[in-house]
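In this chain, residues are counted from 1 in sequence order. Since the structure is predicted, the reported quantities are computational estimates derived from the model, not experimental observations.
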Amino acid sequence: MARKVKGSKQYRMKVVPHRPIHGVFSALGVSLLVLSTSAGAFFAGQYQLSKSLDEKTRAHARVLDEVDRLRAENEALRVRATTAEQSVAIGEQASESVRAELVAKDNQIAELRQEISFYRGIMAPSEGSDGVSIGRFSISESGDRRYQFKLLVQQSAARHQLVTGAVRFTIVGQSGGEARRYALADLSPQVESESIPLRFKYFQNIEGELQLPEGFVPEGVELSLKSSKRKGFSIDQRYGWLVQQS
């Protein structure tokens, strides 16, 4: 039998069994909290990534649309440029054709006028020149500063005398800003002297080729016809440098 000690309070002792379930639930709760937080962060990240990808996809689509639009505009501009170039080429060809026709017509008119002058000079003698006149004079380009010249001297058909004399052919112009004069003999290998002999009864043709020096700019031609007779004809005529198309 237990012995009571006087003056001390007695406590009743009770044995309680150990139950660790509360700790398990606490650890599980923490784990669930961490998982839910991680899942939330993951899905939030996925949402932001998806949103960013969608924005980039839409931006890329807009860029592709802009590229297609610019390509279409470039193609339209290329077609317009090609059409314009073709129009200009056609216009230039038409202008050249019209210009060539005008030059040909001008040459025909000049030739007809020379023919009229020729026959008029033969049929109607000039006063004070013994019936001698310049029926035709022309210059045409043959290339590389080379030119063909043609001169026709005629006498009226009412006269039947033999015409004798000489003609001087001088080309005038500028070279280096200074006036220059060249005799035909200096420019044409077909002419041997400054005076070309004249000897005919009705008309005489004088023609050949001349070549201009480099840097010389022609302005005109001076023709001087002198009779070999003391009181014969004397004709001085100046022509501008009008070149016909050959």
Side-chain angles (χ1 to χ4, degrees), residues 99-100 102-123 125-126 129-157 159-176 178-229 232-246:
R99 190 178 297 111
L102 289 175
V103 170
K105 295 296 183 184
D106 289 342
N107 289 339
Q108 291 179 0
I109 292 172
E111 290 176 359
L112 290 173
R113 286 177 177 174
Q114 289 176 350
E115 293 289 339
I116 293 171
S117 177
F118 171 68
Y119 290 113
R120 182 180 294 164
I122 290 178
M123 302 307 296
S126 302
S129 64
D130 296 335
V132 176
S133 63
I134 298 173
R136 185 183 305 162
F137 174 71
S138 65
I139 296 176
S140 59
E141 188 173 5
S142 56
D144 195 20
R145 297 184 66 81
R146 295 194 308 274
Y147 298 87
Q148 296 285 337
F149 63 87
K150 294 181 180 180
L151 172 64
L152 173 66
V153 184
Q154 63 194 20
Q155 177 181 222
S156 169
R159 297 175 181 270
H160 303 284
Q161 300 99 321
L162 180 65
V163 175
T164 58
V167 57
R168 286 177 175 267
F169 191 122
T170 306
I171 298 92
V172 297
Q174 299 279 334
S175 180
E178 297 182 357
R180 294 294 301 271
R181 299 169 62 87
Y182 288 97
L184 183 59
D186 297 330
L187 305 177
S188 175
Q190 299 158 333
V191 179
E192 297 178 353
S193 63
E194 293 186 3
S195 297
I196 301 172
L198 292 175
R199 185 179 178 85
F200 63 93
K201 196 170 185 179
Y202 298 106
F203 62 89
Q204 179 176 342
N205 277 312
I206 301 171
E207 58 183 72
E209 186 177 74
L210 64 88
Q211 180 157 5
L212 297 180
E214 291 293 334
F216 176 72
V217 181
E219 295 177 348
V221 176
E222 293 178 353
L223 297 178
S224 179
L225 286 69
K226 300 292 183 183
S227 174
S228 59
K229 297 179 181 179
F233 61 88
S234 178
I235 303 172
D236 293 314
Q237 183 70 44
R238 174 163 178 156
Y239 296 88
W241 190 260
L242 301 177
V243 178
Q244 297 181 2
Q245 296 294 327
S246 56

For side chain to side chain contact (heavy atoms under 4.5 Å, CB included), just list the numbers for Val191 and Phe169, CA-CA rounded to whole Å, side-chain angles, deciding distance to a tenth of an Å, and then say yes or no.
CA-CA 10 Å; Val191 179; Phe169 191 122; over 6 Å; no
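- No side-chain heavy atom of Lys150 sits less than 4.5 Å from a side-chain heavy atom of Arg136.
- When all heavy atoms are compared, the tightest approach of Lys229 to Leu162 is NZ-O, 4.4 Å.
- Gln155 places a side-chain N or O within 3.5 Å of a backbone atom of Gln161 that can act as its donor or acceptor partner.
- For Glu209 against Ser142, the heavy-atom pair with the smallest separation is OE2-OG, 3.3 Å.
- In this structure, the side chains of Ile235 and Leu223 stay at 4.5 Å or more apart for every pair of heavy atoms.
- Among all heavy-atom pairs drawn from Asp236 and Ser224, the shortest one is OD1-OG, 2.8 Å.
- Contact between Phe200 and Tyr202 at its shortest, heavy atoms only, is CD1-C, 3.5 Å.
- Considering all non-hydrogen atoms of both residues, Glu194 and Ala183 come closest at CG-CB, 3.9 Å.
- Arg180 and Ser175 get closest at one heavy-atom pair: CG-CB, 3.5 Å.
- Between Gln204 and Val163, the closest side-chain pair of non-hydrogen atoms is not below 4.5 Å.
- Side chains of Ile139 and Tyr239 form no contact here, defined as non-hydrogen atoms less than 4.5 Å apart.
- Put simply, the side chain of Val167 does not reach to within 4.5 Å of the side chain of Val153, judged on heavy atoms.
- Ring geometry, Trp241 versus Tyr147: the interplanar angle exceeds 60°, so the pair is classed perpendicular (tilted spans 30 to 60°).
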